[in-house]
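Here is how names work: the chains are called A, B, and so on, in the same order as the sequence lines, proteins then strands, and each is numbered from 1. Computation of the quantities below employed the complete heavy-atom set of this structure, encompassing side-chain atoms and omitting hydrogens, waters and symmetry-equivalent molecules.
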Amino acid sequence: MPVLRVEGLYKVFGRRPDEVVDQLSAGASAADVQASGATAAVIDAAFEVEQGEIFVVMGLSGSGKSTLIRMLNGLVRPTAGHVFVGDEDIAALDPKGLRAVRQQRISMVFQHFALLPHRSVLENTAYALEVRGVDRRTRLAAAREALEMVGLEAWADHRPDELSGGMQQRVGLARALAAETDILLMDEAFSALDPLIRREMQDQLMELQARLGRTIVFITHDLNEAMRLGDRVAVMRDGRIVRLDTPEAILADPGDEYLERFLADVDRSRVFTAGDVMSAPVAGADGRPVATAVTVAPNTPLADLLEPSALSEAPLLVADDTGEALGVVTRGDVLAALGGVSSGDLATRGDTTDDPQSLESPRA
Amino acid sequence: MPETTLITAAEGSVLPRVPVGDWVDTGFDWLKDNFDPLFEAVSDVTESAVEGLTEALLLPPPLLFAVLLALLGLAARSVAFAVGSLVGLLLVQSMDLWEEAMETLALLLVATVVAVLIAIPVGIAAAKNDRVSAAVRPVLDFMQTMPAFVYLVPAVTFFGIGLVPGIITTIIFALPPGVRLTELGIRQVDAETVEAGYAFGSSPAQILRGIELPLARPTIMAGVNQVIMLGLSMAVIAGLIGAGGLGSVVVTSISRLDVGLGFEAGLAVVILAIYLDRLTGAFGRTDQKSPLWRLRRRKTTTAPSNATVGHPAVADQPTEQLVTTSPRA
Ligand SMILES: Nc1ncnc2c1ncn2[C@@H]1O[C@H](COP(=O)(O)OP(=O)(O)OP(=O)(O)O)[C@@H](O)[C@H]1O
Ligand SMILES: [Mg+2]
């Protein structure tokens, strides 16, 4: 059963929202209803998020991402539709029930950190538990643990304004982790950080998520970030979710022009992994895979395959933890993935792809 | 007088004379006839509060008390401020105005406490509700721009000559900045921070106490500071209706045309004003200079001493080991 399920969710700001919802469900677009003075921020959103998934919502500014994520914890009341957390419908809860869900099931990380400047880092981290009424000793211990997870235990007694932006956001993350809710909402959580820190934060988030198995809904307007973090990515445009798929599938087949233009500057080498691009191992004369010298894990990003590929004449061997061979990655596979050559094109060239000399395609 | 010219202008013009003054007179008479017991009760309570406080302030030997006040200044601000206030307070004593100064201080403190107790809740309500805000604003404008002397007349009708009308006028005159700055302070609190409070399941009351009031504190304290300063100026004017203290010294000096006495009383007011302004100003600040702040800081901090507090970015290393080729989860 999905942790989070959204059905027919609408949010309309402005006058007579219910009528506008009717128009929208009859097929009107956000631009159509804008003329009558209403803003359709989210139109007919529907999706499910599974336990342990990183679900990314991506879209341009004003496409309704923040409104959507705020409906998931009731900060914004839906005009129509349902948000099920487990089997509780957030849209139907009274303020008290809503507070209970926020305390126990859903926490949030904010774009500009939203820390309390008059409290220490430790007390900030303990905020959620304090609200819930956990006694001081227990909550501070839990907060310290959360700070350790993000590597900030040494800063527990400092004020937030003594920390750099990246560190402050790690406090924001620790605060959400300390709440021990199974769902984590992150609205452009890394957008205010400079690129290097941002990359670190992404890595840290993925590492923590792998360890803790929390369910994360992550909002971003940055395609690279979406592709890098997301197990699945929902693309929003003018209030509607226009595409919902895995990053690899979206990259391989953008579907429409809007997405294609976007995808032009995605760093593919960070999205695809060895496992995504490998081809079946080619058996040598002795029945063992020919590939060799270099072995890589299936989840190694393409970017880290460039150097070994360049240095090794033979294809790289992809093997799991136990050493079991899963496939091989040839120079051709790497180049095809980087160049956006679809797997169909590759298949027509069959087994010659493991021979670097045979790559005569001018596109690659 | 401008007032008489206005009235004649009205008489000479085509406009009918609107008897606003008469209406107000009638209204006040009615209030006085029907609520006299209430006014008396208020009167008794305030009078005993101010008189009790005056006695308390005059209880310690003046020299010792001046030193104590200077020490309070030291804790809140700096050595220079402490020395300055000690010199000022001793000057007040040597001018033989200490008792009057303490009377004024007592009146001011009572008026301030009442004004703040009204202003902060009203300010909060105005910040939370646009209608309350719209209703309160013209009332505040009225209270603030009505010439201070005009308050004295109705106050005397209700409470007679003396301390109590002095306090009431002081409260009314000093209240508006307290309300305004409380409202402003709360409205200015970062919306995302408040939203974070809600996102973690806080109730509106928890958000007010734990987020909005603490973050609005510097602005609210600026309001309290304004209340005190306005209150002090009004407390002196209230000397005209027998509120006592430094105001009555000023009134005496005017009636005797005694320039020297008037100047001395004025100087005592200035010294009191500067002391109170700087002291309350210090409580609103969130910067980290006062000795008191440093003391508190030392007690709570157990951070590693090698961390460069001023340049946290330098110590931003713990993530570095995470920048390795991280496999996708
Ligand atoms: N409280 C509100 N009242 C009226 N309109 C609103 C409100 N909140 C959002 N909107 C409108 O809804 C639309 C979607 O806004 P939203 O903030 O969800 O977009 P976003 O995708 O998060 O954009 P950004 O990347 O700029 O944060 C916008 O047109 C915005 O103007
Ligand atoms: Mg947004």
Side-chain angles (χ1 to χ4, degrees), chain A residues 54 70 73 75 95 98-104 106-108 110-120 127-128 130-132 150-152 154-158 162-164 166-167 170 172 175-176 179 185 196-197 199-201 203-204 206-207 209-210 228 231 273 297 299-301 303-304, chain B residues 189-207 209-218 221 284-288 293 296-329:
Chain A
I54 301 189
R70 277 166 177 70
N73 65 353
L75 286 175
L98 209 48
R99 282 205 291 278
V101 169
R102 289 172 186 163
Q103 286 173 13
Q104 280 143 27
I106 304 185
S107 50
M108 193 160 176
F110 292 83
Q111 182 171 2
H112 301 106
F113 327 137
L115 300 176
L116 298 175
H118 62 293
R119 291 171 164 224
S120 71
Y127 184 78
E130 181 186 333
V131 170
R132 209 186 290 168
V150 299
L152 283 183
W155 294 83
D157 295 311
H158 287 256
E162 294 168 31
L163 274 59
S164 68
M167 294 164 88
R170 277 189 272 146
R175 174 173 66 178
L185 307 180
L196 224 85
I197 306 288
R199 174 64 50 77
E200 286 177 20
M201 293 292 292
D203 290 335
Q204 184 162 41
M206 290 194 285
E207 188 229 26
Q209 201 266 354
R228 193 148 185 257
D231 291 315
T273 62
N299 54 7
T300 314
D304 297 326
Chain B
V189 171
D190 176 46
E192 205 183 40
T193 309
V194 173
E195 197 176 41
Y198 282 111
F200 285 104
S202 297
S203 65
Q206 282 173 314
I207 285 177
R209 247 184 304 122
I211 299 177
E212 289 172 325
L213 284 178
L215 298 201
R217 197 185 66 136
M221 282 311 294
R285 286 185 322 183
T286 43
D287 64 5
Q288 310 156 0
W293 195 94
R296 210 165 43 187
R297 174 76 201 208
R298 202 168 309 140
K299 262 189 285 182
T300 54
T301 304
T302 52
S305 53
N306 60 347
T308 36
V309 174
H311 305 278
V314 177
D316 194 357
Q317 294 158 344
T319 43
E320 227 137 65
Q321 72 262 25
L322 291 165
V323 200
T324 49
T325 51
S326 132
R328 280 175 52 87

Top of R119(A), M108(A), H112(A) for chain B proximity - count of heavy-atom pairs under 4.5 angstrom: H112(A)

field: Closest non-hydrogen atom pair between E192(B) and Q111(A), with its separation
entry: OE2-N, 3.3 Å

- prompt: S202(B) and R99(A): which non-hydrogen atoms are nearest, and at how many Å?
  reply: O-CD, 3.4 Å

task: Tell me, for A128(A) versus chain B, whether the close heavy atoms (under 4.5 Å) come from the side chain, the backbone, both or neither.
output: both

- prompt: Side chain, backbone, both or neither: which part of I106(A) has an atom under 4.5 Å from a heavy atom of chain B?
  reply: backbone

statement: Between L215(B) and H118(A), the two heavy atoms sitting closest are CD2-ND1, 3.4 Å

- prompt: Of Q103(A), R175(A), R132(A), R102(A), which is the lone residue that meets side-chain contact (heavy atoms from CB on, under 4.5 Å) with F200(B)?
  reply: R175(A)

field: Part of L196(A) within contact of chain B (heavy atom distance under 4.5 Å)
entry: neither

message: So which atom in A199(B) and which in N73(A) form the shortest heavy-atom distance, rounded to 0.1 Å?
response: CB-ND2, 3.9 Å

- prompt: In terms of heavy-atom proximity below 4.5 Å to chain B, should Y127(A) be classed as side chain, backbone, both, or neither?
  reply: side chain

message: Looking at every heavy atom in both T193(B) and L115(A), which two are closest together, and how far apart are they?
response: CG2-O, 4.0 Å

